[in-house]
Number of protein chains: 4
Amino acid sequence: MIKVGIIGATGYAGQELVRLLLQHRETEIVWYGSRSYVDEKFSSVFGNVFQIVEDICKSDDLHELSRQADVIFTATPQGYLAGVLDDEILNNCKVIDLSADYRIKDVAVYEKWYGIEHKSPQYIKEAVYGLCEINREQIKGARLIANPGCYPTCSTLAIYPLAKAGLIDMSTLIIDAKSGTSGAGRGAKIPNLYCEVNENIKAYGVSTHRHTPEIEEQLGYAAGKPVTLNFTPHLIPMNRGILITAYATYREGTTPEQIRRAYEEAYREEYFVRVLDEGVCPETKWVEGSNFVDVNVKVDERTGRAIMMGAMDNITKGAAGQAVQNMNLMFGLEESEGLRLIPMVP
Amino acid sequence: MIKVGIIGATGYAGQELVRLLLQHRETEIVWYGSRSYVDEKFSSVFGNVFQIVEDICKSDDLHELSRQADVIFTATPQGYLAGVLDDEILNNCKVIDLSADYRIKDVAVYEKWYGIEHKSPQYIKEAVYGLCEINREQIKGARLIANPGCYPTCSTLAIYPLAKAGLIDMSTLIIDAKSGTSGAGRGAKIPNLYCEVNENIKAYGVSTHRHTPEIEEQLGYAAGKPVTLNFTPHLIPMNRGILITAYATYREGTTPEQIRRAYEEAYREEYFVRVLDEGVCPETKWVEGSNFVDVNVKVDERTGRAIMMGAMDNITKGAAGQAVQNMNLMFGLEESEGLRLIPMVP
Amino acid sequence: MIKVGIIGATGYAGQELVRLLLQHRETEIVWYGSRSYVDEKFSSVFGNVFQIVEDICKSDDLHELSRQADVIFTATPQGYLAGVLDDEILNNCKVIDLSADYRIKDVAVYEKWYGIEHKSPQYIKEAVYGLCEINREQIKGARLIANPGCYPTCSTLAIYPLAKAGLIDMSTLIIDAKSGTSGAGRGAKIPNLYCEVNENIKAYGVSTHRHTPEIEEQLGYAAGKPVTLNFTPHLIPMNRGILITAYATYREGTTPEQIRRAYEEAYREEYFVRVLDEGVCPETKWVEGSNFVDVNVKVDERTGRAIMMGAMDNITKGAAGQAVQNMNLMFGLEESEGLRLIPMVP
Amino acid sequence: MIKVGIIGATGYAGQELVRLLLQHRETEIVWYGSRSYVDEKFSSVFGNVFQIVEDICKSDDLHELSRQADVIFTATPQGYLAGVLDDEILNNCKVIDLSADYRIKDVAVYEKWYGIEHKSPQYIKEAVYGLCEINREQIKGARLIANPGCYPTCSTLAIYPLAKAGLIDMSTLIIDAKSGTSGAGRGAKIPNLYCEVNENIKAYGVSTHRHTPEIEEQLGYAAGKPVTLNFTPHLIPMNRGILITAYATYREGTTPEQIRRAYEEAYREEYFVRVLDEGVCPETKWVEGSNFVDVNVKVDERTGRAIMMGAMDNITKGAAGQAVQNMNLMFGLEESEGLRLIPMVP
């Protein structure tokens, strides 16, 4: 059994890790880290695991944890891991970081968009960006994983086939994203109150959202050159789910068949990325609670644009599920172990 | 592998059977019956199983199905199974009926509350009421299971300990129930449209709901004498979940400790019924997508009443999950096989 | 024009007062009091009144305000007004208090249920309980109004006709209440986050909710003797609305006609209380955003109980709307001025 | 008093007309037309107006109605009015059509996108497109108004200032729209059931939605040349509200100040269009139940694009409210009569 520690276990991503790992055949959770609930029963915070988890919440002593665990998941605020990580921890165990600390290779870009100083830039190069479908082989040998952000996961996977195949003009790329409210975290803030979110929709972080450079970097790798794009997230009155609608002008002479084929070829071997039948639009409900990303593309010959769409559960494939997928790869397990959950409808 | 057929597979309970059985290690679904979608791919109706289920929907030929399957689940409207069932089917395979056709032992009561004639009353006596926690032993040997209704499951389990122990005056029993909208089914009806249900709450079927006699019958067995009670369901703007709040005057001299002990003793050995810690109120979110029923009781010494509470997922333990639990018992499998799903939060 | 000051203007009840008073022909808001937003534009907090309200938020200097206003609404936490109120204020202007400070005549009961010491009990006797349909005449002459709580308003009005007519056994009375989340206020608390409330339902404050003694007191006046009852509120995933379902055994020999007639007679002259047609269950959607209370009763001859139902908007008739109704009475205006808003559907 | 008839009074737009007209000082509804509910009380369908509207629903005899009414609102399916309208009706009274029948000047475009034959193209030229902020003067003299679609209203008003000022490259224009579910109408269809919409989001009608040519035509007038654009609507789990996020590359050399000024100048005199403060994103909650459209623009100098945003209530300004605004103009009333409703929060 792989011994697992979770830091930030009482956030939405952290508790989703608990849900997934409890249904995983090869893992045992040895540390429920939660600064806010130290010494309280985890199940008194998340009643769903009442009589299933008897553990109490512990502090975030990463060094001690690194001696007890084979792998640590950090579902923590930006800057936390960068401020603590050192060689001792990395020598003791593997680390999968759900924050943004090691996602962006250019530390100046990180510091500009996140507005904080990076405390351990020496680990950025080593860290592997854990988008399994793209970086599978490097993930297998990594000891530090930068688990991708929710929007970047869905955006990158929805656009990747056309970026990689060079079928679209990357300078025309616009991503309009919609997310359920769990993406805003479990902090007690007025804008996230039920009555503020319910029966409402708004854009936020327009042209300034911190996932923008992460998406640009990843799509830049696919396109083979730097990418600058518009990314606009919206807050949706639902718990889980991200939907991406992306627009780009396709290269002159490109046929709808070529575009469709790019998707089919890119994801033919992928279990978690489902290319929907032609004409079917992804819906977040069809992936809820699962590690699937449903993608599709519509070719609008009238305007010369491809409309790329992706749906995903933001706390599963967009956070905890992908983290487990990374762990599976790192420990030589079947990639889908613990993740073959059927999406829940309705 | 147990060969399973589902009639009514494209209703909410039917597709939940699909979700659960796909995650069950000992079953294979051989028949996706759906009158409305014959010859269409099941996954074109329920996109959550795209690339997982390739089957197309079939008719509801129960006789043919009984030759192909080891067990049939009928998630069908009231009266359907009663109109079709015969010895041939029951000799060929086991039947678990999610409708109300065989739940009520007194056919006159059934016909009065449901307003339809019972077409095969000869099977009523044989049918076992599939409330596993109460009738476990009879279920094991049954060939026809009357799978309990959603409200009756949650109501009976929430009240059973006090009814059985004789600690409450059954003539004072009042059940106020609240259900998510999936309980209303997947029929295209104006009152179930999003805009009619969202931001709204109402009672319905006040003093006339058809689950009333079913609850009265089951609690009557527990109490050892006929029970007449008030049952009022309410429609709640959420997809899944039932919450029961029940009120009864407790016998004079009864102590809070006796009342609490009755719950603990009744469910000490039960995996799926969780007696919450003192003072904790059940929440439907803590059981969502799972087969758990969370129960608790509050003793109000000021009024001399016990307030009994239960929370459950109406399409899992309230329908499909309990049906699978029954199947497990009937086929000698571990009772929780395929049902150890961790409730999904948020 | 009546000069109005609001203390607590940025809470849900406070901003509803703003909405209603802006549509009132005889009032002018001169003071938007909000401790948390002093010096910020009110419309930067509540964008609905952008370009309509240009005022900035002020402190809660009640004495200064009392010199500028004809009437003050205090939509403040329990204990606030009791700690500040004095003769100077009451001599300067009228006060309508939306908190519970002056609702309960027996100060010991208040202090026990609210767990705080009452700082100005000398005003309790003078304060008029502002349930307009019951206490209309006293309200007209009052200078201090204790505006009723949301649950008590709906509960009392739904039960009052039978309590007053003596047709039910008050010792059997049970009130099961359901409320939208705005009733929990606009404080930043984890249990009120969108993801905690959405897709969830739970009871809370079972047998201990502070509105219990208020309901008991009011129904006690109607019945002519002390009343002890069970009151159980539930939190519902919707913004606005309260639904009351109440149960009581009716006096032997009472006919359904008598029961129905009690409602019709009690509310024949009332604009804001609508007795629905026989068999129609109240729905919160039908009263949303309005000052109406829809009530009805179902007689269950099988169990000998009357099931009384009421639906209301908790922040309109349950708070701000009733406060304005009180103000109208106190200033000799038409009682429905500013309150003839048609409920909004869907 | 202006005598008003409504055809399609029991749809969501129709009943919103009822809500608005009941709060209008100069109108009297003389005809509640509803084919599905003929001879039923209107208030038995929409309980919000119980005891307020005593009328029963009538058929859709437009000729008879035209003799009784000064103005007819048709909130009917596409093709209905075109199949019935004749000179007799238009000579008798004014007609405000909430369907798309007379919105598009090129009948071939209409027939192509709507897939139906236009039965009375002779009235297309006469019909005035009722976007009041743009066509105010023509509306005043019209006898037939083509009331704009919900998406076109919000899209056009959000983009108009930059299109008119020539500050953006219209060939780069992309509109990503999100709508509450009332926009899907009140028909009993499975995709609009509560459990299908709740906790879900999807795009629909991608590159084929019928509001596309309407938007293109209107923005073409503003730009002074034909416009081709992408329009993608999404279904959101909320009752009311439309949010538009539109993207276009601005002309080289354009400054953020020019862009902002274009909005301020375009709407300086408009009561119903509110240009939000810089940096504030429109939210549908801030306009709910009102006739306001909140717009704003963000200039992204990194990508050279303007992100234009608009929020509106789809059944008020997007349908019934704008229809009443048109009526006010046509009858020489104050344009905002009956429409100065404060948006409802929360």
Side-chain angles (χ1 to χ4, degrees), chain A residues 171-180 193-208 212 228-232 234-243 245 247 249 279-286 288 296-305 307 309 311 344-346, chain D residues 171-180 193-208 212 228-232 234-243 245 247 249 279-286 288 296-305 307 309 311 344-346:
Chain A
S171 75
T172 65
L173 186 59
I174 287 165
I175 302 173
D176 192 283
K178 298 91 181 165
S179 175
L193 289 178
Y194 182 84
C195 292
E196 306 285 315
V197 173
N198 186 41
E199 283 294 295
N200 195 15
I201 176 172
K202 63 174 174 187
Y204 65 98
V206 180
S207 82
T208 62
T212 309
T228 304
L229 52 77
N230 270 104
F231 171 72
T232 313
H234 298 77
L235 187 66
I236 303 294
M238 59 184 192
N239 286 354
R240 288 172 174 245
I242 275 182
L243 189 78
T245 314
Y247 306 85
T249 300
V280 176
C281 291
E283 308 188 22
T284 57
K285 175 52 80 181
W286 301 134
E288 188 167 341
N296 212 345
V297 64
K298 179 76 191 272
V299 178
D300 186 355
E301 297 184 80
R302 218 174 60 92
T303 62
R305 292 198 188 94
I307 299 111
M309 295 172 279
M344 197 171 82
V345 175
Chain D
S171 75
T172 65
L173 186 58
I174 287 165
I175 303 173
D176 192 283
K178 299 89 181 166
S179 175
L193 289 178
Y194 182 83
C195 291
E196 307 284 317
V197 172
N198 186 42
E199 282 293 294
N200 196 15
I201 175 174
K202 64 175 174 188
Y204 65 99
V206 180
S207 81
T208 62
T212 310
T228 306
L229 52 79
N230 270 104
F231 171 72
T232 313
H234 298 76
L235 187 67
I236 304 294
M238 58 184 193
N239 284 355
R240 289 170 175 247
I242 275 184
L243 188 78
T245 315
Y247 305 86
T249 300
V280 176
C281 291
E283 307 188 25
T284 57
K285 176 51 81 180
W286 300 135
E288 189 166 341
N296 212 344
V297 64
K298 179 76 191 270
V299 178
D300 186 356
E301 297 184 81
R302 218 175 58 93
T303 62
R305 291 198 187 95
I307 298 112
M309 295 173 279
M344 195 173 81
V345 175

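Note that these values count all heavy atoms, side chains included, but never hydrogens, waters or copies made by symmetry.
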If we ignore hydrogens and angles and just use 3.5 Å, is the side chain of [X] paired with the main-chain N or O of [Y] as donor and acceptor?
X	Y	result
D:Arg302	A:Leu229	yes
A:Thr228	D:Thr303	no
A:Glu199	D:Asn239	yes

At a 4.5 Å cut-off on heavy atoms, which part of [X] comes close to chain A: side chain, backbone, both, or neither?
X	answer
D:Pro282	backbone
D:Ser179	neither
D:Leu173	backbone

Next item on the list: Flag the one option from A:Arg240, A:Glu288, A:Glu283 with the top tally of heavy-atom pairs under 4.5 Å to chain D.
Entry: A:Glu283

Next item on the list: Considering only heavy atoms and a distance below 4.5 Å, find which of A:Val206, A:Asp300, A:Leu243, A:Ile201 pairs most often with chain D.
Entry: A:Ile201

What is the minimum heavy-atom distance between [X] and [Y], and which atoms define it?
X	Y	value
D:Asn230	A:Arg305	OD1-NH1, 2.7 Å
D:Pro346	A:Cys195	CB-O, 3.5 Å
A:Thr208	D:Lys298	CG2-NZ, 3.8 Å

Item checked: Residues in side-chain hydrogen bond (donor to acceptor under 3.5 Å, both in side chains) contact with A:Thr249, at least two apart in sequence or another chain -> none

Item checked: Partner set under salt bridge (charged side-chain N to carboxylate O under 4.0 Å, His left out) for D:Glu196, not counting sequence neighbours ->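 In terms of salt bridge (charged side-chain N to carboxylate O under 4.0 Å, His left out), with neighbours along the sequence ignored, D:Glu196 is linked to B:Arg186.
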
Checklist line | Contact class of A:Ala203 relative to chain D, heavy atoms under 4.5 angstrom | finding: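 A:Ala203 touches chain D through backbone and side-chain heavy atoms alike.
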
Next item on the list: Calculate, to the nearest 0.5 Å, the distance between atoms OH and CD1 belonging to A:Tyr247 and D:Ile175 respectively.
Entry: 9.5 Å

Margin query: Can you confirm whether A:Lys178 sits close enough to D:Asp176 that some side-chain heavy atom of one is under 4.5 Å from a side-chain heavy atom of the other?
Written below: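 Of all side-chain heavy-atom pairs linking D:Asp176 with A:Lys178, at least one is under 4.5 Å.
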
